Amino acid sequence: MSDSKRDYRDTVFLPATAFPMRGELPRREPALLERWARMDLWARLRAASKGREKFVLHDGPPYANGNIHMGTALNKVLKDVINRAKQMAGYDANYVPGWDCHGLPIEWKIEEQYRAAGRDKDAVDPVAFRAECRAYAEHWLGVQREEFIRLGVAGDWWHPYSTMDFRSEAIIAGEIGKFLLNGSLYRGAKPVLWSPVEKTALADAEVEYHDHKSTTVWVKFPIVSAPAPDLVQASIVIWTTTPWTIPGNRAVAYGEDIDYALVVVEGVAEGASACIGEHLLVALPLWPEVEKTIGVTQHVVRRVLKGRELAGTVCVHPLKGKGYDFDVPALPGDFVTTEAGTGFVHIAPGHGEDDWQLGQAHGLPTPDTVGGDGLFLPHVPLFAGVHVYKAADPVCAALAESGALLARGTLVHAYPHSWRSKAPLIFRNTPQWFIAMDGPKGVRTPALAAIEATRFVPAQGQNRLRAMIASRPDWCISRQRAWGVPIAIFVDRRTGEPLRDPEVMARTVAIFETEGSDAWWTRPAQDFLGNDYNAEDYEQIRDIVEVWFESGSTHAFVLEGNDALKWPADLYLEGSDQHRGWFQSSLLEACGTRGRAPYDAILTHGFVVDEQGRKMSKSLGNTVAPQEVIAEYGADILRLWVMASDYTEDLRIGKEILKQQAELYRRIRNTLRWLLGALDAFDEAERVPVAEMPELERWVLHRLAELDGRVREATETFEWTGVFAELHGFCATDLSAFYFDIRKDALYCDRADSPRRRACRTVLDHVFRCLVTWLAPVLVFTAEEAWLARFPGEDESVHLQTFPAIPPAWRDEALAARWARIREIRRVVTGALERERAEGRIGASLQAAPLLVMPEADRSLLDAEGWAEICITSAMALDPSAHQRLEAQKNGFSIDAIPGVFVLPGKAAGLKCERCWKVLPEVGSHADHPGLCDRCHDAVTSGVLARRAA
RNA sequence: GGGCUGGUAGCUCAGCUGGUCAGAGCACACGCUUGAUAAGCGUGGGGUCGCAGGUUCAAAUCCUGCCCGGCCCA
């Protein structure tokens, strides 16, 4: 008999699918991209969602310069997932991507090309220069577009916005006009961070901090009048790291609560500049350090006084008698500390933010001492024509000659540098255009109110933005460059007042709209001024607007008045650095012109760091490029990485992490593959009503209902952290290791018309539809591949689906609790089987038929057949005799954490059914099929066998 | 230096209104299966919850300081 065994393999319903186990994503993804382009999926999506409630995520424009990096990829993937989820949740989620095209970095690139070619940039016509910048931006816009598309990001890629579109330029100029007309734009002079190399003011975002070696000086300011007589013969000692600002000095600052020592010098080291008998004023806690530095060997502290006792004190400039013959008042400054230096800060109102504000508060002049090229201006005594970077020696020499220099040294410290030229920056007093934060038209108050009305995800972002807006100075929007939108206004030469005429503004905007802002350079001024003004009476402003103002205006030229979108946006979504950048500039721009934020909610994500949590940098060599990840693993893996991370914090990436994502992906892919195989040739007629399903099936439906709630909640709140982990856990733990494993027997071996098998297939159909649509926003390629494997067709796409509507009745908490307990008990059984296996008594679990002893309360959970089914054993014995119970409690297998459950091993009685491999007593009882059990005999002889049984 | 923020198994994350809270998945090891097979199932090892103090009967969970990292600012 054994040699004539029949092979029943072809009578079993084995999974059948063309969906391959291996993704080969780098090869397959491009084919799907082609398919979507061919069927114009984007247009179909827009058509399909016409009339639905709109969801608008307004794209923060990346800078059109260079290939995308991981941070850009992360940002776009997150946006895409959120948009797609909203779309599939039933919204009309139109996404119009954009680019930031003006600005210094591009201008700098073109200048580099000029330098390389030996051409002088200043000799080139600005319009020709701008044309080259435009072409450069155009190129990178195209490159990045392809890279974003390759990432699987869905959007209106062929109708994007850019800040250099003529219409954008026109509206940006018009937005500046709004500030001009409402009176909040003013021309002022204040110190701004200035690059003597690029000869321009820089925005905060254009500044990098690097170590810089500075000359430090300790300088005496002799007191000439003071409230206390003993101070008059003393000198205030200041310390500064920027000796070149001494010519700009107009005050010294003290801290009101700081203790200052009035010191009499009684002994000095050789070569020290301090003189025996002289009186110095230094912060008490800093004196020991200062004493050493300036070479004082013996001293007496005459007395200690609080800073506020210095009120009214007046010094002279240390270079008095050499052209610096003015009083230098001592003023209180809350920025003065005793952390370093002398406890006194020298104040040059033209060379620092604190300095300038203190000067404003006390009516000090703000001298212009340094030109745009970094040279002292001709009127500056002693130093005219000297470059500030080379001023340390002459300044020190002059101070020493005056006897004011107590010591000099060097200090390496973080110092602002230009992000392009890497050259150190200076604070320089320059005329600039500002938007007022305070005053009648100030933007601070409405901006703070708008922050309160905005939802922040995560919530901490609100504090951060609020603190920044509350403390920021007026917004300097002017730049002395060429590649940008001009601040298209005129200033009356006689009065110095800017011309505020809505008609001139409107004319300018109209011209820009048709010709671009090049017109500001190509057309005569009279064309903008019209007939009411004479161009000769007006100065045409040649500054351009800083790029943050441009991107801060995107809401005006992208959202406003656009029927396909809406104003304000539902969401702005950027990295957390944009609290200082786009979130802020957009807020200020919109609050100044429209009185509210251009967004209802802000989502911030963290930064991409390496596997050790360090920032990525080329010098560290720890960068991971999205292009590399796509080439090696595919875009879906990259997208998976984003969604498996907690993106509200920094995201780590590296070799090992990517490998892990690939593993997670594999599990999901195989789950889909098995589903497809199990659903092969699924027929609607197979469906079974929920009420007729076994509890196991209803438990799966309950899980679907739970997950559906999770996905929909994340769709609304944008809080996706953990959702993917749950979906993966569902695939791995609930489906693969539990439900699938148990139901393989029924699926493979039951008659096609068995209620159990039909119920299973009904549920698998739901699982497939849910899982594939839930995964579709993240695994855009794989979900599509799986969908098409089941529903092929030219017009088919998972991305045209919505999340399945889950009947509320699927939720059954009581049943879920019961099944949680069942799985707990099952763990005891699998543990017992493992011990049997280890000792060689069984291999497959179907060889076992253990005895299960449970607490009374658990006996109604399942019957013996049910327990055997879910434990995948051939049989299970319940209802033990008293003797057996005792034996189980004594020698049976148990788990401490699951008290009262004992499993006594036992081998299944009978022979192994050749078809279903269960070991059953009846095997051998059917003469026509002696190798089969009753169930398989029925299946084989019923005529409703697997389609494969020919 | 300041503001915001984080540091739980090799990795990704739960737990953090203080008391079965030391967990999950992945990786790893071992075993099983060979009808999801370059797959699947089971079992197991692994963490002084950044460090040090403090509050409390009790702290990963609250407070303070320190160390390390990130963003922004100086």
Side-chain angles (χ1 to χ4, degrees), chain A residues 8-10 12-17 19 21-22 204-205 207 209 335 337 339-340 352-354 413-416 458 460-468 471-472 575-581 584 604-615 640-641 643-646 648-664 666-667 669-678 721-722 724-726 728-733 736-738 740-742 744-745 747-749 827 829-840 842-847 872 897 915-917:
Chain A
Y8 288 100
R9 202 169 194 280
D10 61 357
V12 176
F13 295 90
L14 293 179
T17 176
F19 185 81
M21 189 146 70
R22 290 176 56 82
D204 291 340
V207 175
Y209 285 80
F335 49 85
T337 69
E339 273 159 15
E353 179 70 32
D354 288 336
H413 60 148
Y415 189 85
Q460 302 92 288
Q462 192 168 39
N463 296 331
R464 192 163 171 181
L465 191 56
R466 188 193 296 121
M468 286 178 172
S471 64
R472 70 157 293 150
S576 61
D577 58 331
Q578 297 303 325
H579 286 104
R580 174 57 68 185
Q584 183 166 157
T604 50
H605 60 255
F607 270 64
V608 182
V609 295
D610 73 8
E611 267 171 326
Q612 274 70 247
R614 311 266 162 172
K615 78 157 97 183
L640 201 51
W641 162 73
M643 298 317 287
S645 304
D646 178 359
T648 63
E649 295 292 334
D650 289 343
L651 295 82
R652 298 182 184 215
I653 195 167
K655 260 181 140 40
E656 193 190 338
I657 292 171
L658 283 167
K659 245 176 87 183
Q660 184 185 348
Q661 301 313 320
E663 286 304 315
L664 299 179
R666 208 162 52 104
R667 173 58 67 113
R669 185 174 179 93
N670 274 318
T671 301
L672 294 174
R673 177 172 138 89
W674 190 84
L675 275 167
L676 284 164
T721 305
F724 166 74
E726 274 190 53
H728 177 269
F730 177 64
C731 289
T733 311
S736 191
F738 188 64
F740 290 176
D741 211 29
I742 292 165
K744 277 185 219 169
D745 172 69
L747 270 167
Y748 297 175
C749 301
R827 276 186 55 212
V829 177
T830 54
L833 295 181
E834 191 59 23
R835 200 170 67 177
E836 289 304 286
R837 201 169 277 138
E839 291 172 16
I842 61 167
S845 59
L846 284 177
Q847 293 174 312
I872 319 185
R915 184 161 173 277
C916 73
W917 299 344

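Atoms considered below: every heavy atom in the structure, side chains included; atoms not considered: hydrogens, waters and symmetry mates. Letters A, B, ... are given to chains in the order of the sequence lines, protein chains preceding strands, and every chain is numbered from 1. In this text the structure is predicted, and so the values were computed from the model without any measurement.
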Under 3.5 Å for both donor-acceptor distances, Watson-Crick or wobble: does B:C71 have a partner, and if so which one?
B:G3

Give one of base, sugar-phosphate or nothing for A:Gly729, where a contact means two heavy atoms less than 4.0 Å apart.
nothing

Could A:Arg915 and A:Tyr748 be counted as a cation-pi pair, given that NZ or CZ must be under 6.0 Å from the ring centre and within 45° of the axis?
no

Over all heavy atoms of both residues, which pair between A:Asp650 and A:Phe607 is shortest? Give the atoms and the distance, please.
OD1-N, 2.8 Å

Got a donor-acceptor contact below 3.5 angstrom from the A:Gln847 side chain to the A:Ala844 backbone?
yes

Sugar-phosphate only, base, or nothing, as touched by A:Ser471 at under 4.0 Å among non-hydrogen atoms
nothing

Check: B:A24 base within 3.5 Å donor-acceptor of A:Thr733 side chain:
no

Given B:C11, B:G70, B:C72, the nucleotide with the shortest approach to the side chain of A:Gln660:
B:C11

Considering Watson-Crick and G-U wobble pairs with both distances under 3.5 Å, what does B:G44 pair with?
B:C28

Answer with base, sugar-phosphate or nothing: what part of the nucleic acid does A:Arg835 contact at a heavy-atom distance below 4.0 Å?
nothing

Any donor-acceptor pair under 3.5 Å from A:Thr17 side chain to A:Arg673 backbone:
no

Answer with base, sugar-phosphate or nothing: what part of the nucleic acid does A:Trp641 contact at a heavy-atom distance below 4.0 Å?
nothing

Please classify the nucleic acid contact of A:Ala725 as base, sugar-phosphate, or nothing, using heavy-atom distances under 4.0 Å.
nothing

Is there a side-chain contact between A:Leu747 and A:Lys744, using heavy atoms and a 4.5 Å cut-off?
no

So what does A:Ala737 touch, heavy atoms closer than 4.0 Å: a base, only the sugar-phosphate, or nothing?
sugar-phosphate

Among the nucleotides B:A14, B:G25, B:A39, whichever has the atom closest to the side chain of A:Asp646 is B:A14

Does B:C41 have its OP1 or OP2 closer than 4.0 Å to a side-chain nitrogen or oxygen of A:Arg667?
yes

Salt bridge check, A:Lys659 against A:Glu656: does any charged N sit closer than 4.0 Å to a carboxylate O?
no

Assuming nearest nucleotide by heavy-atom distance, tell me which of A:Ser576 and A:Gln460 is located more 5' along RNA chain B.
A:Gln460

Closest-nucleotide mapping onto RNA chain B: is A:Leu833 or A:Thr671 further toward the 5' terminus? I mean the 5' end.
A:Thr671

Looking for any heavy atom pair under 4.0 Å, which part of the strands does A:Lys659 touch: base, sugar-phosphate only, or nothing?
nothing

Strand partner of B:U20, provided both Watson-Crick or wobble distances fall under 3.5 Å:
none

Looking for any heavy atom pair under 4.0 Å, which part of the strands does A:Arg464 touch: base, sugar-phosphate only, or nothing?
base

Looking only at side-chain atoms of A:Met468, point me to the closest of B:C26, B:C72, B:G70.
B:C72

Side chain of A:Arg673 (C-beta onward), nearest among B:C13, B:C11, B:U37
B:U37

Identified pairing partner of B:A36, criterion: Watson-Crick or G-U wobble below 3.5 Å
none

Regarding A:His728, tell me which of base, sugar-phosphate or nothing describes its non-hydrogen contacts under 4.0 Å with the strands shown.
sugar-phosphate

Taking only the side-chain heavy atoms of A:Trp917 (C-beta and beyond), determine which of B:U34, B:C13, B:C71 contains the nearest atom.
B:U34

Give A:Asp577 one of three labels, base, sugar-phosphate or nothing, depending on what nucleic acid heavy atoms sit under 4.0 Å from its own.
sugar-phosphate

Looking only at the side chain of A:Glu656 (C-beta and beyond, no hydrogens), which of the listed nucleotides B:C41, B:G10, B:A39 gets closest?
B:G10

Once you apply the 3.5 Å cut-off to both distances, tell me the Watson-Crick or G-U wobble partner of B:C51, or none.
B:G65

Between B:C71, B:U12, B:G40, which nucleotide gets closest to the side-chain atoms of A:Ile657?
B:U12

Choose from B:C26, B:C32, B:G6 the nucleotide whose nearest atom is closest to any side-chain atom of A:Glu649.
B:G6

Proximity to the side chain of A:Glu663 - top-ranked nucleotide from B:A27, B:U5, B:A36
B:A27

Of the listed B:C26, B:U37, B:G42, the closest approach to the A:Glu834 side chain comes from B:G42

Base of B:G70 and ring of A:Phe607 stacked, centres under 5.5 Å, planes under 30°
no

Think A:Arg614 has a side-chain N or O under 4.0 angstrom from the OP1 or OP2 of B:G69?
yes

Looking for any heavy atom pair under 4.0 Å, which part of the strands does A:Gly613 touch: base, sugar-phosphate only, or nothing?
sugar-phosphate

Would you say a side-chain N or O of A:Arg22 is under 4.0 Å from OP1 or OP2 of B:A38?
no

